[in-house]
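First comes the structure, then the notes that go with it.
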Amino acid sequence: FLRLNRPVEALDDADRCVSLSPNFVRGLLRKGDAEHTLERRLDAQASYRRGLALDGANQQLQERLEAFKSENGASLQTTLYNVLFVSPHLQMDHLFHVLEDPELLTAAYVQENASHLDAQFSCLTQTLRVDVGLLLASPVLRDAYDRVTFACGQLLQWAPEMVTRHLKTAPRIVQGLGMALRC
């Protein structure tokens, strides 16, 4: 699935593989690769380390872990900054007010505010790619994550056709919600 650029399905496949055979090193490698593609760096590292615990001489796992040292990936601080500090400039409070009232969230609203909604949901969907390990360790991040999944779900529930027709971020919203369901 990764070769087909379908990382969510790749993660699902690898999860099934590892659940059926927890000591299958190749399954852990593939799981880590899918998590890495989905920018879940800590989860990927945990999968690679788990594989190395089973086969310490595995060159592919060693190389994948070594590659993390040279990457400048997103951190918990970056994610929190985007959610907590950038969002006031994007009028997130107004967005959440609209999302809580189905009468305000109309197809016309989505169409008229498409560029602003794209900017807001571009920021929000970054949060949906956070590592599961970080969510479990940070109540603040978990609260922010819960607000984001609520926002994305409401938007798709009340104006699905307009979202897919007018928002460039629609595929990221759908993929992000798919990832949220896997947490």
Can you name the residues that form a side chain to side chain contact (heavy atoms under 4.5 Å, CB included) with [X], not counting sequence neighbours?
X      : value
Arg26  : Phe24, Leu29, Arg30, Gln60
Ala10  : Phe1, Leu2, Ala34
Ser115 : none
His97  : Leu104

Quick one: does [X]'s side chain have a donor or acceptor within less than 3.5 Å of a partner on [Y]'s backbone?
X     : Y     : answer
Ser21 : Val18 : no
Asn58 : Leu61 : yes
Ser19 : Arg16 : yes

Open item on the list: Applying side chain to side chain donor-acceptor pair (under 3.5 Å), can you list everything that pairs with Gln154, at least two apart in sequence or on another chain?
Closed with: none
Task: Listed partners of Asp118 passing side chain to side chain donor-acceptor pair (under 3.5 Å), at least two apart - done: Thr169
How many angstroms lie between atom [atom1] of [X] and atom [atom2] of [Y], to the nearest 0.5 angstrom?
X      : Y      : atom1 : atom2 : value
Glu112 : His166 : CD    : NE2   : 10.5 Å
Glu39  : His36  : CD    : NE2   : 8.5 Å
Ser122 : Ile173 : OG    : CD1   : 9.5 Å
Lys31  : Asp15  : NZ    : CG    : 5.0 Å

Open item on the list: Would Arg147 pass as a cation-pi partner of Phe96, given that its NZ or CZ must be under 6.0 Å from the six-membered ring centre and within 45 degrees of the axis?
Closed with: yes
Could you give the side-chain donor-acceptor pairs of residues 156-165 under 3.5 Å, partners two or more places apart or in another chain?
| unit_1 | atom_1 | unit_2 | atom_2 | d |
| --- | --- | --- | --- | --- |
| Glu161 | OE2 | Arg165 | NH2 | 2.2 |
| Thr164 | OG1 | Pro160 | O | 3.2 |
| Thr164 | OG1 | Glu161 | O | 3.0 |

TODO: Name all pairs fulfilling the salt bridge (charged side-chain N to carboxylate O under 4.0 Å, His left out) condition that reach into residues 98-108, sequence neighbours left out, sorted by first residue then second.
DONE: none
Quick check: do [X] and [Y] have side-chain heavy atoms less than 4.5 Å from each other?
X      : Y      : value
Leu95  : Leu117 : yes
Arg41  : Phe68  : yes
Leu155 : Val110 : yes

Open item on the list: If I compare all heavy atoms of Gly153 with all of Leu177, which pair ends up nearest, and what's the gap?
Closed with: N-CD1, 3.9 Å
- [ ] Please report the closest heavy-atom contact between Cys17 and Gly27, naming both atoms and the distance.
- [x] SG-CA, 3.9 Å
Task: Verdict with reasoning, Gln175 to Leu38, per side-chain contact (heavy atoms from CB on, under 4.5 Å) - done: CA-CA 10 Å; Gln175 185 184 48; Leu38 291 167; 4.0 Å; yes
Set of residues satisfying salt bridge (charged side-chain N to carboxylate O under 4.0 Å, His left out) with respect to [X], sequence neighbours excluded:
X     : value
Asp55 : none
Asp13 : none
Glu63 : none

Side-chain donor/acceptor pairs under 3.5 Å, residues 45-52, sequence neighbours excluded:
| unit_1 | atom_1 | unit_2 | atom_2 | d |
| --- | --- | --- | --- | --- |
| Ser47 | OG | Glu35 | OE1 | 2.7 |
| Ser47 | OG | Asp43 | O | 3.3 |
| Tyr48 | OH | Gly32 | O | 3.2 |
| Tyr48 | OH | Asp33 | N | 3.1 |
| Tyr48 | OH | Asp33 | OD1 | 2.5 |

